[in-house]
Amino acid sequence: MADWGRIAASRLAQIAKISEPGAGVTRLPFTPEHQQAVALLTEWMEEAGLSVDLDCAGTLIGRKPGPKGTGTFYMGSHQDSVRQGGAYDGIMGIVLPILAMQRLKQEGIALRYSVEVLAFADEEGVRFPTALMGPRALAGTFDLAVLDYVDTAGISLRQAMVDFGLAPDAVTSLKRDRGTAIGYLETHIEQGPVLEDAGKPLGVVTAICGIERHQITLTGETGHAGTLPMSSRRDALVGAAAIVTEVNRLASATPDLRGTVGALQVHPNVVNAVPKVVQMTVELRSPDDAVRQAAAAALREFSDETATRMALDLSMDRTYAQPAQACDPDLTRALGEAVTARCGTVLTLPSGATHDASAMADLCPIAMLFVRCKGGVSHVPEEYASPNDLGTAVDAICAFLTRG
Ligand code: HGY
Ligand code: MN
Ligand code: MN
């Protein structure tokens, strides 16, 4: 009997090497690293008996046709990583279903429906200020306008996709028929401490949080740090500091809300000049959209008031938003039964991270399987899931796929 956990661990270690130089994994969409990952995943998909195709949104699709006239069950996640991220986030949700399909093939088990394993190009939104293009294309919710978004080198998403050999403007033709989409299962490292604290290898997700991101720019006046009197300064960084503190205060005081200022640039950013411009991102997350939206409104009011008080110019633009998404109760129950059959019990939990599943929910019912995450750390090189837990996840996926 193959040790699917060990095979999974060695494959994840192997594909983790496909990265830009530096600590951890940096594999961004429509890059040479993405190209190499597609080649390796193609090999593994073919070994599992799947026919492989790369769609014009950059999603690699491994398909196993079922009996004629039956629908399709989807599984998958994203091939891309954050910068210097871990070896499990996203890619685990591609490698494990491929191995589950390989195991069913080896055991001669035919499924009652078709299956597609999906390796989405971009979920993290690190290279371009957008994300989820693959699942949005399949769900028919892709906004062609995002093709004009550019990365920090000024390359548009459209150009990057063309250079990758794709036809980006054909993305709208990828919309799948909801009538034949049975459901979608995403397997993902938990990225938090809940399963480890509970001593559980697997968990079943109840809902995925909603998210919104804002770009804030504060503009004051620069001047000599030694000669400009404090009383006549319009220091953009002092205004930004007030807003950063308020984001943290508001999120800490509001149940079910997380707030983060993740990126901040200062201009002219020199030791002996008063900061003139500060650009920063604010991200708000909650499983309850009303809570998130109320926090965004309160923050906008606080920022306006702060800018007025400090005689700063303020712009605050929402650059991204994704609603909270409940997992389908029937699929989730079935997944819970599969996990219980394998582990004896099942722990359910919400996801504070967003996932491709959030967008797939516009196409079909979704379910998510979480795998224990060592120390609860993710988006860092130390991210880790054990071979045992990986093997248990393959077992649970097979039990789920072959349920009565
Ligand atoms: O930000 C997230 O939650 C996901 O990792 N992209
Ligand atoms: Mn992820
Ligand atoms: Mn991630």
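Index from 1, following the sequence. Start at 1 and go down the list; that is how both ligands and their atoms are numbered. Every heavy atom of this structure was used, including side-chain atoms; hydrogens, water molecules and symmetry mates were not.
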So the salt bridge (Lys or Arg N to Asp or Glu O under 4.0 Å) pairs with at least one residue in residues 368-394 (sequence neighbours excluded) are Arg372-Asp389
Salt bridge present between Glu337 and Arg333 (N-O < 4.0 angstrom): no
### Message
Please determine whether a side-chain nitrogen of the Lys or Arg among Lys200 and Glu190 lies less than 4.0 Å from a carboxylate oxygen of the Asp or Glu.
### Response
no
Listed as residue and atom, the protein N/O/S atoms under 2.8 Å from the Mn ion (ligand 2) are His78 NE2, Asp89 OD1, His188 NE2
**Message:** side-chain hydrogen bond (donor to acceptor under 3.5 Å, both in side chains), that's the test. Do Gln325 and His355 meet it? Break it down for me.
**Reply:** CA-CA 10 Å; Gln325 187 60 54; His355 301 284; over 6 Å; no
Flag, side chain of [X] to backbone of [Y], donor-acceptor distance under 3.5 Å:
| X | Y | value |
| --- | --- | --- |
| Arg403 | Phe400 | yes |
| Thr59 | Phe120 | no |
| Arg178 | Asp362 | yes |

Self-check item: Full working for side-chain contact (heavy atoms from CB on, under 4.5 Å) between Tyr113 and Leu401
Solution: CA-CA 10 Å; Tyr113 39 76; Leu401 291 174; 3.8 Å; yes
Per-pair distances, 0.1 Å, donor-acceptor, side chain in residues 72-82, under 3.5 Å, sequence neighbours excluded:
residue: Thr72; atom: OG1; partner: Arg63; partner atom: NH1; Å: 3.3
residue: Tyr74; atom: OH; partner: Arg176; partner atom: NH1; Å: 3.0
residue: Ser77; atom: OG; partner: Gly90; partner atom: O; Å: 3.3
residue: Ser77; atom: OG; partner: Glu186; partner atom: OE2; Å: 2.7
residue: His78; atom: ND1; partner: Asp80; partner atom: O; Å: 2.8
residue: His78; atom: ND1; partner: Asp80; partner atom: OD1; Å: 3.1
residue: His78; atom: NE2; partner: Asp89; partner atom: OD1; Å: 3.1
residue: His78; atom: NE2; partner: Glu123; partner atom: OE1; Å: 3.4
residue: Gln79; atom: OE1; partner: Arg27; partner atom: NE; Å: 3.2
residue: Gln79; atom: NE2; partner: Ala121; partner atom: O; Å: 2.9
residue: Asp80; atom: OD1; partner: Glu123; partner atom: N; Å: 2.9
residue: Asp80; atom: OD2; partner: Glu123; partner atom: N; Å: 3.2
residue: Asp80; atom: OD2; partner: Glu124; partner atom: N; Å: 2.9
residue: Ser81; atom: OG; partner: Val25; partner atom: O; Å: 3.1
residue: Ser81; atom: OG; partner: Arg27; partner atom: N; Å: 2.8

Residue shell for ligand 1, any heavy atom closer than 4.0 Å, reads Glu123, Glu124, Arg213, Arg285, Ala353, Thr354, His379
